[in-house]
Amino acid sequence: MRRTIFDLDVLRTFTTGVDLGSFAKAADRLGRSTSAVSAQLKKLEQQAGTPIFQKSGRGLALTDAGETMLAYARRLLDLNDEAASAIHGIELEGWVRLGLQEDFGETLLPNILGQFARAHPKVRIEARVARNAELLERVASGRLDLALAWNNSAPLSNSERVMEVPMRWVGSINPDMVWQKSGNEPLPLAALEAPCLLRTAAINALDRAGIAWRLAFVSPSLGGLWAATAAGLGLTIRTPIGLPGTVQAIPPGANGLPLLPNLGLDLYRADAEPSPVTARLASIILQALHESVRVGAKAA
């Protein structure tokens, strides 16, 4: 039986197109023509021996085989990039200061630190998990080299839009503890201390929909917010990223809840030309983030 050997270059085009939601955008990012990208995708389906795409409206969606292919493609590319970094980048030395929004502290940070430490044992990372406003202030003042934070429309140089992440209403996994729109009972809202982009988005959405609400719980930390939501003290809004098992995202439009907009996620750099250490860490963050969002979106 002939052994199938997948082309890593083709796999990178495949994952890039899925991440960007468009293979035309993937062609631009990878510096290829759209016809070349189409040829690569055709080659991938031939190697797979089964369709990995299916028509969905005017675009394409992944088949079950395509979803499986995507998961393995990411693993193969991550291992390839880690091997390349370990061989060619082992001499990277120095210190990098990384800031992460609270949503990513428990889910993204361990993967990032583990992968980076294995490839670059001589680099020291100082990580800080904090609220959005603090992260942006620290990047602007040069006290962080790199930060992953929600976009608050504040103009900051050296920032890169990573993706648009859907906001979701979040409640307890116990359906009996989740607010239902009935009678005149106001919606109990659990939120972080102001200022908070998601708290503001929740209030604006409720006001536009004419739904009465009350501030039932306020926490200075995300951990406290999860505990209150799990206990049924109120509903909150977050993204599908980093949700603990004690809460669940409520499907859009369910329970009479208003629809929510997307939230921009940006990668902020202190310098226009970051050091090789900072640039490498940024690359690993983006890889880990795309995987985390993909898994979170499927779970939601």
Arg97 side chain vs Arg128 backbone, donor-acceptor pair below 3.5 Å = no
Do other residues, nucleotides or ligands put more than 12 heavy atoms under 6.0 Å from the CD atom of Gln46?
-> yes
Is any NZ, NE, NH1 or NH2 atom of the basic residue among Asp9 and Lys43 found under 4.0 Å from an Asp or Glu carboxylate oxygen of the other?
-> no
Donor-acceptor contact present, side-chain Gln47 to main-chain Ile5, <3.5 Å | yes
Phe53 meets the ring pair (Phe, Tyr, Trp, His ring centres under 6.0 Å) criterion, sequence neighbours left out, with Phe14, Phe23
Do side-chain atoms of Thr236 reach the backbone of Ala190 as a donor and acceptor pair under 3.5 angstrom?
-> yes
Does Arg131 use its side chain to pair, donor to acceptor, with the backbone of Glu193 at less than 3.5 Å?
-> yes
Give, for atom CG of Leu187 and atom CD1 of Ile203, the distance between the pair rounded to the nearest 0.5 Å.
-> 11.0 Å
Kindly say whether Leu192 contributes a backbone atom to a donor-acceptor pair with the side chain of Arg199 at under 3.5 angstrom?
-> yes
Beyond-backbone contact of Leu76 with Asn80, side-chain heavy atoms, under 4.5 angstrom = no
Run through Asn151, Val165, Asp103, Thr239 and flag the one making a side chain to side chain contact (heavy atoms under 4.5 Å, CB included) with Leu265.
-> Val165
Qualifying residue for side chain to side chain contact (heavy atoms under 4.5 Å, CB included) with Thr13, from Leu44, Leu30, Val18, Asp7 = Leu30
Can you tell if the side chain of Phe104 reaches within under 4.5 Å of the side chain of Ile285, non-hydrogen atoms only?
-> no
Is Met163 close to Asp19 at the side-chain level, that is, under 4.5 Å between some pair of heavy atoms?
-> no
Apply salt bridge (Lys or Arg N to Asp or Glu O under 4.0 Å) to the pair Arg143 and Glu137, showing each step before the final yes or no.
-> CA-CA 8 Å; Arg143 290 182 290 164; Glu137 189 279 326; 2.3 Å; yes
Within a strict 4.5 Å, meaning less than it, do heavy atoms of the Trp95 and Val277 side chains meet?
-> no
Acceptor/donor pairs from residues 248-263 side chains to any protein atom, 3.5 angstrom cut, sequence neighbours excluded:
{"residue": "Gln248", "atom": "NE2", "partner": "Ser172", "partner atom": "O", "Å": "3.3"}
{"residue": "Asn255", "atom": "ND2", "partner": "Trp179", "partner atom": "O", "Å": "3.4"}

Rounded to the nearest 0.5 angstrom, the CG-CZ distance for Leu225 and Phe217 is 7.0 Å
